[in-house]
Amino acid sequence: MDFKTIFSWEAMIPIILLVSLIAAMLCTLLFKNLVKSAISLSALSAVLSIIMFLMGQTLAAVFELSVCAGLVTVLFISTVSMTRDRDEEEIAAITKARRKKYYALPVVLLVITILLFIVWPTVNNNFLIAGDTDTTKSVGDILWYDREIDIVGQIIIILAGAFGVVLLFKERETK
Amino acid sequence: MSLGIELTFFAVILLLAGGIYTLLVSKNLVRTLIAIEVMMKGVTLMLVLAGYFTHQLVKIQAVIISMIVVEVVVITVAAGIVISIYRNNGSLSSKSTETDEEG
């Protein structure tokens with residue numbers, strides 16, 4: 001295999017995507033500012049939706065991009081804005097303790113990666129058995145016609161979400 | 001175009017590990033929610049991977065869409081609970097929810 005094949009764009013794009021996924025995760029978990037964390041989380045969702053799109057799951061990618069990168073970020077930012085910011089002195093005291101706690105995270109992730117590289121060759125890949133590909137049905141058919149009792153559960157969950165939103169914005173109405 | 005199964009599986013495990021670590025270490029309730037969301041991204045990526053390699057693209061999309069709906073509802077309700085805890089205790093720390101009373 002020559003140099004151009006190994007470092008071609010087609011070979012590099014998956015690696016770039018997965019590296020940016022992990023980078024977005026680290027930004028999400030390590031940023032001190034919660035608003036920055038929420039924005040990094042939306043970047044994580046955006047990268048995940050690109051991966052979904054490249055793997056042929058276009059409808060799920062659209063949902064991921066619009067709901068997780070959009071709505072969830074708005075929810076997080078509104079939650080952060082509804083809660084009080086700390087004083088500068090308080091922040092300085094917390095930052096030092098926080099740094100100590102999160103120094104271990106990249107190390108833990110590195111150790112897990114090395115362990116996976118060692119263990120992976122012994123893992124049996126036979127669990128990935130391809131089933132029959134059903135091309136006659138669309139996603140809509142499966143979502144609305146193939147499901148039975150779980151759709152009732154999902155309706156209840158959506159109602160619970162609606163009550164959650166009412167709880168979230170209750171104080172604004174009373175003020 | 002396909003992403004290598006090994007690389008994607010590594011990414012899934014790193015997402016789950018990062019989420020679990022933050023859940024264990026962080027005392028801020030909003031950050032705990034963000035960690036749960038990161039773990040959910042890992043699960044979604046695992047489902048994407050499973051659907052791709054078993055050629056069940058249609059069925060797995062229905063599962064992922066249902067999961068996204070549940071994910072948003074969980075985060076909404078949890079955010080409401082976090083705000084009500086903040087109003088009652090004046091703090092976002094999980095320590096503020098601890099009580100001295102037994103039981």
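Throughout, a chain's letter reflects where its sequence line sits, starting with A, and its residues are numbered from 1. Basis for what follows: all heavy atoms, side chains included, without hydrogens, waters or symmetry-related copies.
- When heavy atoms are compared at a cutoff of 4.5 Å, B:L14 approaches chain A by way of both its backbone and its side chain.
- Using a 4.5 Å cut-off between side-chain heavy atoms of Ile, Leu, Val, Met, Phe, Trp and Tyr, with links allowed through other members, A:L65 and A:V72 fall into different hydrophobic clusters.
- Both the backbone and the side chain of B:L33 have a heavy atom closer than 4.5 Å to some heavy atom of chain A.
- Heavy-atom distances place both the backbone and the side chain of A:Q57 under 4.5 Å from chain B.
- Residues B:I34 and A:T28 form a side-chain contact, since some pair of their non-hydrogen atoms from C-beta on lies under 4.5 Å apart.
- When all heavy atoms of B:R31 and A:L34 are compared, the pair lying nearest together is NH2-CD2, 3.6 Å.
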> Going through the distances and angles, do A:I157 and B:V69 end up as a side-chain contact (heavy atoms from CB on, under 4.5 Å)?
Replying inline: CA-CA 9 Å; A:I157 288 168; B:V69 170; 5.6 Å; no
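- When all heavy atoms of A:C68 and B:I68 are compared, the pair lying nearest together is SG-CG2, 3.9 Å.
- If you measure heavy-atom distances from A:L105 to chain B, the contacts under 4.5 Å come from both the backbone and the side chain.
- Contact of A:F76 with chain B is made through the side chain alone, with heavy-atom distances under 4.5 Å.
- Contacts between A:I22 and chain B at a heavy-atom distance below 4.5 Å involve the side chain alone, from C-beta outward.
- In this structure, the portion of B:I13 lying under 4.5 Å from any heavy atom of chain A is its side chain and not its backbone.
- A:L29 and B:A35 get closest at one heavy-atom pair: CD2-CA, 4.4 Å.
- Among all heavy-atom pairs drawn from A:M25 and B:V38, the shortest one is CG-CG1, 3.7 Å.
- When every heavy atom of B:A17 is checked against every heavy atom of A:I112, the shortest pair comes out as CB-CD1, 3.3 Å.
- When the candidates A:L21, A:L26, A:L41, A:V19 are compared by the number of heavy-atom contacts under 4.5 Å with chain B, A:L41 comes out ahead.
- Under the 4.5 Å side-chain heavy-atom criterion for grouping Ile, Leu, Val, Met, Phe, Trp and Tyr, A:I155 is not connected to B:V74 through any hydrophobic cluster.
- Within a 6.0 Å radius of CZ in B:F10, other residues, nucleotides and ligands contribute more than 12 heavy atoms.
- Cluster annotation: A:V62 is not connected to B:M40 through the hydrophobic network of ILVMFWY side chains, with a link wherever side-chain heavy atoms come within less than 4.5 Å.
- Nearest heavy atom pair, residue B:A11 against residue A:L18, reads CB-CD2, 3.9 Å.
- Rounding to the nearest 0.5 Å places CG of A:L75 at 4.5 Å from OG1 of B:T76.
- Considering CD of B:Q61 and CE of A:M52, their distance stands at 9.0 Å, rounded to 0.5 Å.
- Between chain A and the residues B:V63, B:I64, B:L15, the largest count of heavy-atom pairs under 4.5 Å involves B:L15.
- For a residue to count as touching a neighbouring chain, one of its non-hydrogen atoms must lie under 4.5 Å from one of that chain's; by this rule A:L44 touches chain B with the side chain only.
- By the criterion of side-chain heavy atoms lying less than 4.5 angstrom apart, applied directly or through intervening Ile, Leu, Val, Met, Phe, Trp or Tyr residues, A:V67 is grouped together with A:I50 in one hydrophobic cluster.
- Note that the CG atom of B:L57 and the CE atom of A:M55 stand 10.0 Å from one another [nearest 0.5 Å].
- Heavy atoms of A:L71 lying under 4.5 Å from chain B belong exclusively to its side chain.
- Taking a 6.0 Å sphere around OH of B:Y21, one finds it holds more than 12 heavy atoms contributed by other residues, nucleotides or ligands.
- Linking Ile, Leu, Val, Met, Phe, Trp and Tyr whenever their side-chain heavy atoms come within less than 4.5 Å leaves B:L7 and A:L115 in two separate clusters.
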